[in-house]
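Notes for the one structure printed next.
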Amino acid sequence: MSLRTAGSALSRALLTSGSRTPPATRATKISGLSTTGGAPEESKQGGGKTKEQSCASDADVLPSGEPAHRCTKADKKRGKEPVGAHGVGGVRRRSYTSNAAPVDQRSYLWARYSDLKRLVHDLIPPGACNLLNSSTIYANNEVNLAEVDIYGFDYDYTLALYSNALNTMIYNTARSFLIEHFKYPEEISKYDYIPNFAARGLHYDIQKGLLMKIDAFHYIQPGTVYRVYCCFLSQGPKVKQFMDIFSIPEMTLLAVANDFFITNDIEYDPVHLFKDVSEAIGMVHLKGYMYKWVMQDLDKFILRGDETEAVLNRLVNQGKKLFLITNSPFSFVDKGMIHMVGKNWRDFFDVIIVGADKPHFFTDCIKPFRLLDGNGDLRWEKIKNFEKGKIYKQGNLFDFLRLTGWRGSKVLYFGDHLYSDLADLMLRHGWRTAAIVPELEQETKVVSTDRYALNLTWLQALTGLMERLQTHRDQDSKQVFQEWQKEREELRSVALGNLFNPQFGSIFRTCHNPTYFSRRLCRFSDIYMASLSCLLNYDVLHTFFPRRTPLQHEAPLWMDQLCTGCIKTPFLEEMSHIR
């Protein structure tokens with residue numbers, strides 16, 4: 001069964017399930033959707049005479065207790081109206097003339113539920129769940145690589161990907177600083193690092209000490225905050241968003257410290273706690289601990305260095321110019337690049353800038369560039385041009401543009417931090433931008449599973465069924481809807497959300513909407529991928545095209561939205577009579 005056929009089948013089932021009477025009580029056979037504009041098959045009544053619709057008597061009622069439609073003079077004068085006529089909207093008025101005993105509402109609703117669930121299990125074609133590839137590059141805007149002459153790179157989590165062992169080391173050391181330097185209780189040392197607790201893109205309320213997941217419209221996703229909190233987030237300096245992969249240990253340590261004080265009923269100031277944890281994490285970086293760990297065991301902490309070498313080789317062989325702008329110190333970058341690429345790694349790059357102090361590098365125009373000598377010491381002569389193979393420190397983007405002339409869409413810059421690396425380059429300077437999102441690898445694996453596809457399809461179908469049948473408002477129907485709503489919540493939290501991160505779900509989606517992180521990703525990156533090595537799957541002349549995604553009013557035209565049904569207005573039939 002193709003995707004289009006499967007979607008059409010489910011739409012027809014929803015249209016049928018939305019009827020006001022069970023199939024057993026209908027006297028008129030009506031086709032569900034007409035594709036030719038012709039009239040549906042009509043019932044034969046008395047002497048072979050065909051009637052457009054039958055008029056109900058005063059005694060006829062619907063199973064819900066509503067009176068059946070009775071013909072008025074206007075109805076009788078109207079005569080035959082073809083499907084699609086003005087004011088009809090393609091929906092034929094139904095007649096209720098059967099004398100069959102009505103079916104109770106509870107049985108009727110559960111029958112529709114069972115029919116739909118059986119259909120959903122047959123919807124997913126074999127192999128449909130294996131279409132996603134974690135090595136794919138995804139496009140938010142159209143990007144033609146043939147027009148790109150210059151490739152720029154960040155270093156950390158772009159050229160160099162790190163193992164989870166590094167986050168554990170950062171957490172443990174910052175926790176020790178919190179106890180030894182800031183004199184926090186020794187009992188906090190009993191809290192070990194939990195690798196899958198936090199997720200990138202979360203917001204933190206500094207005054208209340210709360211981590212939360214925000215959607216693209218600034219609403220908090222239910223179930224991601226464990227104390228009472230307003231449902232709408234107002235942006236301000238008292239809320240911080242963690243966009244850096246290095247911030248995951250910081251979020252975990254914040255949660256640990258808050259949990260310790262709350263569990264032990266110890267009064268504390270969440271604002272000072274946030275400052276102390278942030279400073280403890282900062283000490284790990286400023287004191288050079290992280291750099292020392294990585295340089296001492298490159299094999300343990302740096303992943304997939306051979307793929308980075310392959311990417312750089314390919315671009316240089318195709319005549320592309322390369323540059324590197326990173327906040328990391330030269331000694332750290334040099335060790336890592338020698339490990340991944342070799343001793344001659346500088347020959348790949350036309351410009352190398354370390355200690356850049358991003359994002360200020362992109363916004364300020366004060367700090368000049370300085371040249372580093374062979375010992376890594378600063379030289380103080382004025383920089384009039386960049387020399388290949390030389391190492392430069394600090395500086396600013398405005399001098400960089402003046403010295404290189406690299407402007408506009410012929411430049412493509414890769415980075416992992418949407419704000420520090422990409423935002424200003426896209427918004428103010430017109431560079432093309434590429435986001436490195438390592439989380440994509442795991443997310444695509446989950447989305448590609450049969451379990452995820454089946455649960456998501458059933459969630460959409462159940463939502464459409466509830467939307468279509470919500471006009472049933474008797475007490476029995478309300479109880480059924482409560483059970484369905486409970487199932488929806490379980491599907492969203494357990495069957496879908498927990499497949500990603502048990503606490504916060506996918507970094508790209510909340511219950512209904514994209515996350516705030518996802519919104520920023522679409523805004524500040526032209527393309528995004530799990531790692532730089534994804535470039536190896538495309539040639540340097542490839543054009544990336546964004547896929548058209550459905551707006552709400554386009555939903556019936558799309559496979560993933562067909563489950564909600566093509567008729568989304570419960571009283572569409574009644575409205576056609578008025579019009």
Side-chain angles (χ1 to χ4, degrees), residues 150-160 162 166 169-170 173 177 244 246 279 281-299 301-302 305 308-309 312 316 321-406 413-417 420-421 424:
I150 303 109
Y151 287 74
F153 305 93
D154 180 31
Y155 179 72
D156 296 306
Y157 282 109
T158 301
L159 289 175
Y162 300 114
L166 185 59
M169 297 285 285
I170 294 172
T173 306
F177 282 144
D244 193 352
F246 282 127
E279 189 172 340
I281 291 287
M283 290 170 70
V284 176
H285 296 277
L286 294 175
K287 290 180 178 291
Y289 286 93
M290 189 197 80
Y291 304 134
K292 183 177 67 175
W293 300 329
V294 174
M295 288 189 289
Q296 287 177 347
D297 198 341
L298 294 167
D299 289 324
F301 293 109
I302 293 184
T308 298
E309 179 188 13
L312 298 180
V316 169
K321 295 183 180 297
L322 308 183
F323 67 92
L324 170 64
I325 302 177
T326 175
N327 289 347
S328 294
F330 171 69
S331 58
F332 177 68
V333 175
D334 186 50
K335 273 272 192 179
M337 291 301 293
I338 290 175
H339 174 75
M340 293 187 291
V341 180
K343 292 183 178 181
N344 297 324
W345 70 269
R346 295 193 223 176
D347 296 338
F348 285 102
F349 296 93
D350 294 86
V351 181
I352 302 171
I353 300 168
V354 298
D357 192 26
K358 295 180 291 183
H360 303 296
F361 179 90
F362 297 126
T363 56
D364 297 342
C365 55
I366 298 175
K367 288 184 179 179
F369 284 106
R370 295 290 183 229
L371 180 66
L372 292 181
D373 62 20
N375 297 321
D377 297 326
L378 282 175
R379 299 177 60 177
W380 292 97
E381 62 264 29
K382 184 176 181 179
I383 304 301
K384 297 181 179 179
N385 61 280
F386 291 125
E387 297 181 42
K388 188 169 184 176
K390 300 289 185 180
I391 307 299
Y392 301 90
K393 186 176 181 180
Q394 299 176 348
N396 62 83
L397 183 64
F398 301 94
D399 285 343
F400 180 88
L401 297 176
R402 177 177 57 82
L403 294 172
T404 62
W406 295 342
Y413 186 77
F414 293 78
D416 67 289
H417 198 299
S420 297
D421 290 327
D424 288 300

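Bear in mind that the values here come from a model prediction, so they are computed numbers and not experimental data. Because only heavy atoms are used, hydrogens play no part in the values below, and waters and symmetry mates are left out as well, while side chains stay in.
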Pair Y392-E387, side chain to side chain contact (heavy atoms under 4.5 Å, CB included): steps then yes or no:
CA-CA 10 Å; Y392 301 90; E387 297 181 42; 3.7 Å; yes
Taking all atoms of both residues into account, what is the closest heavy-atom pair of K335 and M295, and its distance?
CG-SD, 3.7 Å
From CG (L166) to CG (D297), nearest 0.5 Å:
11.0 Å
For the student: nearest non-hydrogen atoms of Y155 and S328, plus distance
CD2-OG, 4.4 Å
Donor-acceptor pair, side chain of D350 and main chain of K388, under 3.5 angstrom
no
Does the ring centre of F177 sit less than 6.0 Å away from the ring centre of Y289?
yes
Just so I know, are the side chains of F369 and Q394 near enough to count as touching, which here means a heavy-atom distance under 4.5 Å?
no
Donor-acceptor contact below 3.5 Å, side chain D373 vs main chain G376:
yes
D399: salt bridge (Lys or Arg N to Asp or Glu O under 4.0 Å) partners, not counting sequence neighbours
R402
Taking T158's backbone N and O only, do any of them form a donor-acceptor pair with D416's side chain (distance below 3.5 Å, no angle check)?
no
What distance separates L298 CG from I338 CD1, expressed to the nearest 0.5 Å?
9.5 Å
Say you draw a straight line from CD1 of I281 to CE of M290; how long is it, rounded to the nearest 0.5 Å?
11.5 Å
Report the distance from atom CZ of R370 to atom NZ of K382, rounding to the nearest 0.5 Å.
10.5 Å
Given side chains that start at C-beta, do those of R379 and L372 come closer than 4.5 Å, heavy atoms only?
no
Mind checking the CG-CD1 spacing from L159 to I302? Nearest 0.5 Å is all I need.
10.5 Å
T173 (side chain) donor-acceptor with V284 (main chain) under 3.5 angstrom
no
Under 4.5 Å between any side-chain heavy atoms of V354 and I391, yes or no?
yes
Test log, rule side chain to side chain contact (heavy atoms under 4.5 Å, CB included), inputs V333 and W345:
CA-CA 10 Å; V333 175; W345 70 269; 4.2 Å; yes
Given F246 and H285, is the side chain to side chain contact (heavy atoms under 4.5 Å, CB included) satisfied, shown in steps?
CA-CA 10 Å; F246 282 127; H285 296 277; 4.2 Å; yes
Of the non-hydrogen atoms in F330 and R346, which two are nearest, and what is the gap between them?
CZ-NH2, 3.7 Å
On a heavy-atom basis, which atom in F301 and which in V294 lie closest, and how many Å separate them?
CD1-CA, 3.8 Å
Output yes when a side-chain donor or acceptor of Y413 lies under 3.5 Å from a complementary backbone atom of I325, and no otherwise.
yes
So for atom NZ, which belongs to K390, do other residues, nucleotides or ligands contribute more than 12 heavy atoms lying within a distance under 6.0 Å?
no
Do V351 and L403 have side chains that get closer than 4.5 Å, going by heavy atoms?
no
So I353 and L324, do their side chains get closer than 4.5 Å, heavy atoms only?
no
Of all residues at least two apart in sequence or in a different chain, which pass the salt bridge (Lys or Arg N to Asp or Glu O under 4.0 Å) check with K358?
D154, D421
For N396 against K367, the heavy-atom pair lying closest together
ND2-O, 2.7 Å
Can you see whether Y162 engages D156 through a side-chain donor-acceptor pair at a distance of less than 3.5 angstrom?
yes
Can you list the steps and then say if N327 with F361 is a side chain to side chain contact (heavy atoms under 4.5 Å, CB included)?
CA-CA 9 Å; N327 289 347; F361 179 90; 5.9 Å; no
Against F323, only a single residue in Y151, F414, F349, F400 fulfils ring-ring contact (aromatic ring centres under 6.0 Å, His included); can you say which?
F400
E279 vs L286 side-chain heavy atoms within contact, under 4.5 Å:
no
Taking every non-hydrogen atom, the tightest pair across Y291 and P329:
CZ-CD, 3.5 Å
Can you tell me how far apart CG (D334) and NE2 (H339) are? Round to the nearest 0.5 Å.
13.5 Å
